[in-house]
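Residue indices begin at 1 and follow the sequence shown.
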Amino acid sequence: WILNSTNSAVNVYCDLVRYLNGSRGWMRVAYVNMSDSNQTCPSAWTLYTPPTGVRLCGRPRGPGCFSVNYTTYGVPYSKVCGWVKGYNYNTNDGFNRRNCSSLVTTCVYTAIDQPYLDGVSITRNSPLRQHVWSYADGGNCPCATNSVFGYTIPSFVGSDWYCQGQGGGNSTNYYNYPLWGGACSGSQAPCCANPNLPWFYKTLPTQV
């Protein structure tokens with residue numbers, strides 16, 4: 001479809017036929033398909049090519065958050081859907097806590113601009129971001145039966161999250177086992193109970 005934006009006409013992909021989670025009339029805003037050798041990572045991310053042959057986009061090595069912004073070209077919306085495929089690299093903590101001496105509620109990150117998870121945080125609006133969905137990577141997911149969590153997930157996340165990890169949190173890289181695809185086993189079996197996986201669907205409080 002051709003969309004008349006503020007400055008010029010742009011080509012966008014729209015699906016006006018299929019029903020997704022009971023709704024139709026979706027416009028694609030972001031699409032990163034690294035199985036296509038012609039695609040490159042967004043500028044804020046780094047391309048990784050492990051020996052398994054998969055092509056991955058991730059943050060540069062080291063701590064911190066690295067954001068990529070996408071535009072809706074001024075089209076109002078009230079629902080968001082999508083999916084993410086990820087892979088475990090090194091040791092990940094799922095939903096992070098601050099450097100505290102004990103696992104208590106006060107150790108939870110309380111602001112969305114803090115590094116509250118290892119994984120992918122999907123938000124809307126700028127500069128005052130609001131949470132849409134979180135994909136967390138960790139060996140100690142709160143949904144797992146062996147979780148050692150002694151605190152709650154940040155309140156702004158609510159129930160809008162998925163969490164999965166490989167290797168129980170050790171520092172092994174699992175490039176053959178994608179995360180958040182709906183295939184969990186062992187103690188993490190409850191983490192794949194949502195039948196929508198790998199998709200998320202979010203209805204916003206108001207149209208934006």
Side-chain angles (χ1 to χ4, degrees), residues 1-45 47-48 52-58 66-87 112 117 119-137 141 143 156-164 175-185 188-208:
W1 293 80
I2 299 177
L3 181 68
N4 290 320
S5 67
T6 303
N7 298 319
S8 62
V10 294
N11 291 317
V12 296
Y13 174 83
C14 295
D15 190 334
L16 307 181
V17 178
R18 288 188 302 166
Y19 281 88
L20 299 177
N21 201 40
S23 299
R24 66 178 181 177
W26 299 91
M27 183 180 80
R28 178 185 289 166
V29 174
Y31 184 65
V32 181
N33 178 16
M34 296 310 295
S35 64
D36 181 353
S37 60
N38 294 317
Q39 287 212 17
T40 59
C41 296
S43 59
W45 297 343
L47 173 66
Y48 295 97
T52 54
V54 294
R55 300 173 71 246
L56 310 173
C57 294
F66 297 85
S67 298
V68 177
N69 297 319
Y70 295 95
T71 180
T72 63
Y73 300 103
V75 175
Y77 61 97
S78 60
K79 296 184 178 183
V80 184
C81 74
W83 66 283
V84 175
K85 178 189 288 187
Y87 295 85
I112 196 170
L117 88 166
V120 178
S121 174
I122 300 173
T123 63
R124 60 184 177 91
N125 293 2
S126 179
L128 299 177
R129 298 192 299 142
Q130 298 183 50
H131 182 261
V132 174
W133 207 270
S134 289
Y135 285 80
D137 171 15
C141 291
C143 47
F156 60 82
V157 173
S159 59
D160 299 329
W161 57 273
Y162 295 136
C163 185
Q164 187 180 357
Y175 296 126
N176 290 319
Y177 303 96
L179 302 172
W180 315 309
C184 301
S185 60
Q188 291 205 348
C191 299
C192 288
N194 191 320
N196 291 328
L197 276 164
W199 288 83
F200 76 87
Y201 300 94
K202 176 74 172 279
T203 299
L204 306 182
T206 58
Q207 187 180 79
V208 294

Show the atom names and distances, to 0.1 Å, of all donor-acceptor pairs under 3.5 Å that link a side chain in residues 194-208 to residues at least two apart or in another chain.
| from | atom 1 | to | atom 2 | distance (Å) |
| --- | --- | --- | --- | --- |
| Asn194 | OD1 | Asn196 | N | 2.9 |
| Lys202 | NZ | His131 | O | 3.3 |
| Lys202 | NZ | Val132 | O | 3.2 |
| Lys202 | NZ | Asp160 | OD2 | 3.0 |

Task: Taking every non-hydrogen atom, the tightest pair across Ser134 and Leu117 - done: CB-CD1, 3.9 Å
Open item on the list: Please report the interatomic distance CZ(Arg55) to OG1(Thr40), rounded to the nearest 0.5 Å.
Closed with: 8.0 Å
- [ ] Can you sort out the partners of Asn11 under side-chain hydrogen bond (donor to acceptor under 3.5 Å, both in side chains), two or more places apart, ordered by chain and number?
- [x] none
Open item on the list: Restricting to side chain to side chain contact (heavy atoms under 4.5 Å, CB included), what partner residues turn up for Asn33, sequence neighbours left out?
Closed with: Tyr31, Ser35, Asp36, Gln39
- [ ] With rounding to the nearest 0.5 Å, note down the distance linking OG1 in Thr123 to CG in Leu128.
- [x] 11.0 Å
Task: Nearest heavy atoms of Cys191 and Cys163, plus distance in Å - done: CB-O, 3.2 Å
TODO: Output yes when a side-chain donor or acceptor of Gln164 lies under 3.5 Å from a complementary backbone atom of Ala183, and no otherwise.
DONE: yes
Task: Leu3 versus Thr72, closest heavy-atom pair with distance - done: CD2-O, 4.5 Å
Open item on the list: Rounded at 0.5 Å granularity, tell me how far CE in Met27 sits from OH in Tyr77.
Closed with: 9.5 Å
TODO: For Arg28 and Tyr13, indicate whether the former's side chain and the latter's backbone hold a donor-acceptor pair under 3.5 Å.
DONE: no
Task: Partners meeting side chain to side chain contact (heavy atoms under 4.5 Å, CB included) with Ser23 (sequence neighbours left out) - done: Trp26, Lys79
Open item on the list: Could you check, using the six-membered ring where one of them is a Trp, whether Trp180 and Tyr135 have ring centers closer than 6.0 angstrom?
Closed with: yes
Open item on the list: Please give me the minimum heavy-atom distance between Ile112 and Arg129, naming the atom from each residue.
Closed with: O-NH2, 2.9 Å
- [ ] Taking side chain to side chain contact (heavy atoms under 4.5 Å, CB included) as the test, write out the residues that go with Val68, two or more places apart.
- [x] Pro42, Ala44, Trp45, Tyr70
Task: Check against side chain to side chain contact (heavy atoms under 4.5 Å, CB included), Val80 and Arg124 - done: CA-CA 10 Å; Val80 184; Arg124 60 184 177 91; 5.5 Å; no
Task: Under the side chain to side chain contact (heavy atoms under 4.5 Å, CB included) test, residues paired with Tyr19 that sit two or more places apart - done: Arg24
Task: Neighbour count above 12 (heavy atom, 6.0 Å) for Ile2 CD1 - done: no
Task: Any residue meeting disulfide (SG to SG under 2.5 Å) with Cys41, in chain and number order, not counting sequence neighbours - done: Cys57
